[in-house]
Number of protein chains: 2
Amino acid sequence: MDPVTIKDIAHALNLSTSTVSRALRDSYEISPETKRLVMEYAERLNYRPNPIALSLKGSSSKALAVIVPQIANNFFSQAINGIEAIAYNRGYHVIIFQTHESYEREVANVQQAVSRRVDGLLLSLSSETSDVSHLKALIDQGMPLVLFDRVAGELPVTQVVADNFGGAYAATSHLLQTGRRRIAHLTIPPYLSITQERLAGYRAALEQYGVPFDENLVRYGTFGPDEAGPLVDELLALSPPPDAFFTASDRLALGCLGALHKRGVDVPGQVALLSFTNSQSAHLLNPPLSTVTQPAQEIGQLAAERLIELIERKHKSTGPSTMKLPTTLVVRESSRPLPKLVM
Amino acid sequence: MDPVTIKDIAHALNLSTSTVSRALRDSYEISPETKRLVMEYAERLNYRPNPIALSLKGSSSKALAVIVPQIANNFFSQAINGIEAIAYNRGYHVIIFQTHESYEREVANVQQAVSRRVDGLLLSLSSETSDVSHLKALIDQGMPLVLFDRVAGELPVTQVVADNFGGAYAATSHLLQTGRRRIAHLTIPPYLSITQERLAGYRAALEQYGVPFDENLVRYGTFGPDEAGPLVDELLALSPPPDAFFTASDRLALGCLGALHKRGVDVPGQVALLSFTNSQSAHLLNPPLSTVTQPAQEIGQLAAERLIELIERKHKSTGPSTMKLPTTLVVRESSRPLPKLVM
DNA sequence: CCTGAGGTTGCAAACGGTTGCGCTAAGCCG
DNA sequence: CGGCTTAGCGCAACCGTTTGCAACCTCAGG
């Protein structure tokens with residue numbers, strides 16, 4: 001029960017493969033009668049062109065590569081969801097790669113994607129990646145590429161990101177408005193563009209409110225397991241200790257909340273907590289968690305749309321652009337205003 | 001800067017493509033000297049065989065299809081994580097498809113996967129799927145196939161699942177032991193094997209404790225948005241109302257907890273809550289949620305391992321088997337024993 | 001010196017499809 | 001009625017690789 005080929009049809013109808021091919025593509029060179037015959041027969045046999053043969057011949061493989069650090073992460077799985085939706089509608093398939101935050105695997109995955117002849121790449125940098133020459137090479141080859149979320153500003157490619165600066169600014173401002181002054185920032189590895197933007201937003205808000213920046217209050221996580229606990233301990237040991245935690249990832253948020261629970265710290269009485277997260281259950285946590293959410297699915301959709309545009313009218317390159325989508329601050333119990341407002 | 005082909009090497013070295021091909025595959029027919037030349041040159045040019053040409057020619061495409069209802073779901077993203085890990089180690093790629101719980105898309109995705117000439121399929125049924133003839137056809141074609149999580153028992157294929165019966169039995173028993181007698185079961189669409197197994201586990205536990213089964217207490221969700229609220233209302237309106245909710249999915253768990261919060265129902269005082277979920281934050285919810293977790297990543301890994309075995313020694317088919325992995329009951333605050341135990 | 005074997009290498013077909021071009025027959029015009 | 005156009009179709013090359021088989025050379029044995 002092997003798949004039907006063009007040859008089978010040609011043979012059965014006593015035609016040449018070229019005629020069948022043209023008939024199926026509705027070429028003007030083929031008589032309506034012949035077309036009808038071929039189409040009907042192909043329909044009956046449920047003929048599907050072999051995409052592999054197509055990609056061998058032509059250039060297009062109708063496949064996109066998505067390279068992300070981790071699938072099992074709310075943000076990325078939501079983004080992939082958006083990517084897949086767009087890709088499916090436009091007739092593309094999605095091949096997924098995980099870098100597990102490793103630079104080496106990122107390079108290897110890019111290689112693999114290229115040799116699979118994908119039509120384009122969607123990539124979110126691993127936290128280890130500081131050298132982006134592998135991507136430069138891609139761009140020089142003319143491979144369509146769109147970066148999302150964790151991008152590299154210096155690369156001349158289309159990038160889709162959330163407004164990390166704005167999100168962090170809004171979050172920090174909110175904490176300041178609720179009376180906190182010692183705001184700790186638990187964040188992700190410093191190489192990442194998003195880390196820097198969030199840090200910048202955090203600093204900008206501090207400055208706006210005349211609160212001096214204290215680098216002791218900024219701690220970098222590593223995506224390792226159980227990393228939040230020690231960081232929280234270090235921060236709580238400061239004097240004066242922080243009165244708020246602003247964290248930059250799902251894992252840090254949950255880890256931090258868990259650590260605070262375990263140490264019997266009252267949230268938000270003793271410290272407030274506010275986090276970047278795409279978790280669906282922030283409102284059900286104890287206490288309900290104030291969050292900055294990124295439009296993960298929209299980011300994925302937009303990135304996929306841009307990429308497909310790039311692929312389909314490669315000539316008319318509109319030039320690289322960075323698209324920034326707004327984040328949403330949702331205030332909940334974990335950052336409730338302090339009873340006595342200092343301001 | 002087009003990718004290097006065997007022809008380029010052949011031309012540069014004044015050899016035929018066949019010689020180069022054989023040299024690269026280290027064939028005994030080629031002289032050591034020629035091999036060395038070819039290998040070195042290929043190395044220098046960073047030659048990578050075109051996988052598309054390989055798949056066209058031979059049989060193997062070194063790609064696996066994964067078809068799941070939803071990527072943005074803790075269970076599935078964790079499972080895919082496991083799949084990808086194994087696949088990567090064995091040199092396979094993973095192409096992801098989402099059915100969005102639609103039977104039509106499931107069929108279309110299977111078609112697409114086949115025409116992409118993947119070497120094998122990993123599939124978790126959509127909730128709409130009751131007819132599995134599209135999978136029967138696959139099996140008849142000899143396409144390696146492994147079902148996981150949402151399986152179809154009647155199919156003669158390898159299946160990897162969690163012990164849903166056991167998990168539900170343990171969960172229900174626990175609720176009974178803590179003094180609950182009117183245990184509602186909010187579950188997913190009834191076609192699914194896992195739904196039936198969980199229901200069976202639930203009933204078995206009831207029977208064990210001599211509590212009559214009341215079908216009014218069982219409600220089926222549809223994966224729609226905000227479906228939990230109405231179901232909770234209906235159940236709370238029963239007389240006597242339930243004293244526990246046992247839910248069968250992440251979404252139902254969170255939806256249910258949210259609905260109970262909103263209605264001011266005390267958990268676990270008024271009703272207990274216990275859920276199947278792979279959420280990472282169950283212990284941080286308010287109240288901390290008692291859960292049955294499935295070993296999602298292990299299920300993915302095991303399924304991928306089985307599939308690759310199937311692919312690589314297609315001849316020695318060990319016959320279909322069902323592998324069942326244990327679930328874990330974690331008791332937390334949301335199912336705290338009632339103050340006055342009836343038993 | 002001829003023959004045959006063994007060791008190397010190249011030719012060509014094949015995978016499934018697309019496409020430039022050539023061929024045939026019919027129709028049209030002068 | 002002859003030549004030209006044109007519709008409709010087939011031949012063959014091509015994408016990159018593998019592989020059966022033929023071809024060639026060298027050398028040893030008879």
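Values below: all heavy atoms of this structure, side chains included; hydrogens, waters and symmetry mates excluded. In what follows, chains carry the letters A, B, and so on, assigned in the order in which the sequence lines appear, proteins first and then strands, with residues in each chain numbered from 1.
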Open item on the list: Taking OH in B:Tyr103 as the centre, count heavy atoms belonging to other residues, nucleotides or ligands within less than 6.0 Å. Is the count above 12?
Closed with: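 Check passes, neighbour count above 12.
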Might you list the N or O atoms of the protein lying below 3.5 Å from N or O atoms in nucleotides 4-6 of chain C, with each pair's distance?
none

TODO: Taking the side chain as every heavy atom from C-beta outward, state whether B:Ile83 and B:Leu122 have any pair of such atoms under 4.5 Å apart.
DONE: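 Result yes, sub-4.5 Å side-chain heavy-atom pair found.
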Open item on the list: Students often get this wrong, so: under 4.0 angstrom with heavy atoms, is A:Asp8 touching a base, only sugar-phosphate, or nothing?
Closed with: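 Here A:Asp8 touches no strand at all.
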Task: Touch class at under 4.0 angstrom, heavy-atom based, for A:Leu15 against every strand present - done: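 Answer is sugar-phosphate: A:Leu15 comes under 4.0 Å of backbone atoms only.
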Would you kindly give the [atom1]-to-[atom2] distance between [X] and [N], to the nearest whole Å?
{"X": "B:Arg116", "N": "C:dG16", "atom1": "CZ", "atom2": "P", "value": "17 Å"}
{"X": "B:Glu29", "N": "D:dC24", "atom1": "CD", "atom2": "P", "value": "17 Å"}
{"X": "A:Tyr28", "N": "D:dA7", "atom1": "OH", "atom2": "C1'", "value": "10 Å"}
{"X": "A:Asp26", "N": "C:dT18", "atom1": "CG", "atom2": "C1'", "value": "16 Å"}
{"X": "A:Asn14", "N": "D:dG8", "atom1": "CG", "atom2": "P", "value": "19 Å"}
{"X": "A:Arg36", "N": "D:dG8", "atom1": "CZ", "atom2": "P", "value": "15 Å"}

Under 3.5 Å, N/O pairs linking protein and nucleotides 16-18 of chain D:
residue	atom	partner	partner atom	Å
D:dT17	OP1	B:Tyr47	OH	2.7
D:dT17	OP1	B:Asn50	N	3.0
D:dT17	OP2	B:Ile6	N	2.5
D:dT18	OP1	B:Arg25	NE	2.9
D:dT18	OP2	B:Ser21	OG	2.4
D:dT18	O2	B:Lys57	NZ	3.3

Task: Audit row: A:Glu106, A:Thr129, side chain to side chain donor-acceptor pair (under 3.5 Å) steps and yes/no - done: CA-CA 8 Å; A:Glu106 183 173 302; A:Thr129 302; 3.0 Å; yes
Open item on the list: Looking at B:Thr19, I'd like to know whether one of its side-chain N or O atoms comes within less than 4.0 Å of OP1 or OP2 on C:dT9.
Closed with: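 So the side-chain polar atoms of B:Thr19 never come under 4.0 Å of the phosphate oxygens OP1 or OP2 of C:dT9.
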Task: Phosphate contact (D:dC15 OP1 or OP2) by A:Ser55 side-chain N/O below 4.0 Å - done: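 Negative; the distance criterion is not met.
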Task: Degree of bending in the helix from C:dC1-D:dG30 to C:dG30-D:dC1 once both end axes are built from five pairs, to 10° - done: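 End-to-end axis angle: 80°.
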Task: Pairs touching residues 13-30 of chain A that satisfy salt bridge (Lys or Arg N to Asp or Glu O under 4.0 Å), sequence neighbours left out - done: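 Every pair satisfying salt bridge (Lys or Arg N to Asp or Glu O under 4.0 Å) with a residue in residues 13-30 of chain A: A:Arg22-A:Glu29, A:Asp26-A:Lys35.
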Give every donor-acceptor pair under 3.5 Å between a side-chain atom in residues 63-77 of chain A and any protein atom, sequence neighbours left out.
residue	atom	partner	partner atom	Å
A:Asn73	OD1	A:Phe75	N	2.8
A:Asn73	OD1	A:Phe76	N	3.2
A:Asn74	ND2	A:Asp250	OD2	2.8
A:Ser77	OG	A:Asn73	O	3.2
A:Ser77	OG	A:Asn74	O	3.3

- [ ] Please identify each residue that fulfils salt bridge (charged side-chain N to carboxylate O under 4.0 Å, His left out) with B:Glu298, with sequence neighbours left out.
- [x]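 B:Glu298 satisfies salt bridge (charged side-chain N to carboxylate O under 4.0 Å, His left out) with no residue once adjacent residues are dropped.
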Open item on the list: Does this structure show an ion pair linking B:Arg36 with B:Glu40, if we count only N-O contacts that are shorter than 4.0 Å?
Closed with: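 Judged by the 4.0 Å cut-off on N to carboxylate O distance, B:Arg36 and B:Glu40 do form a salt bridge.
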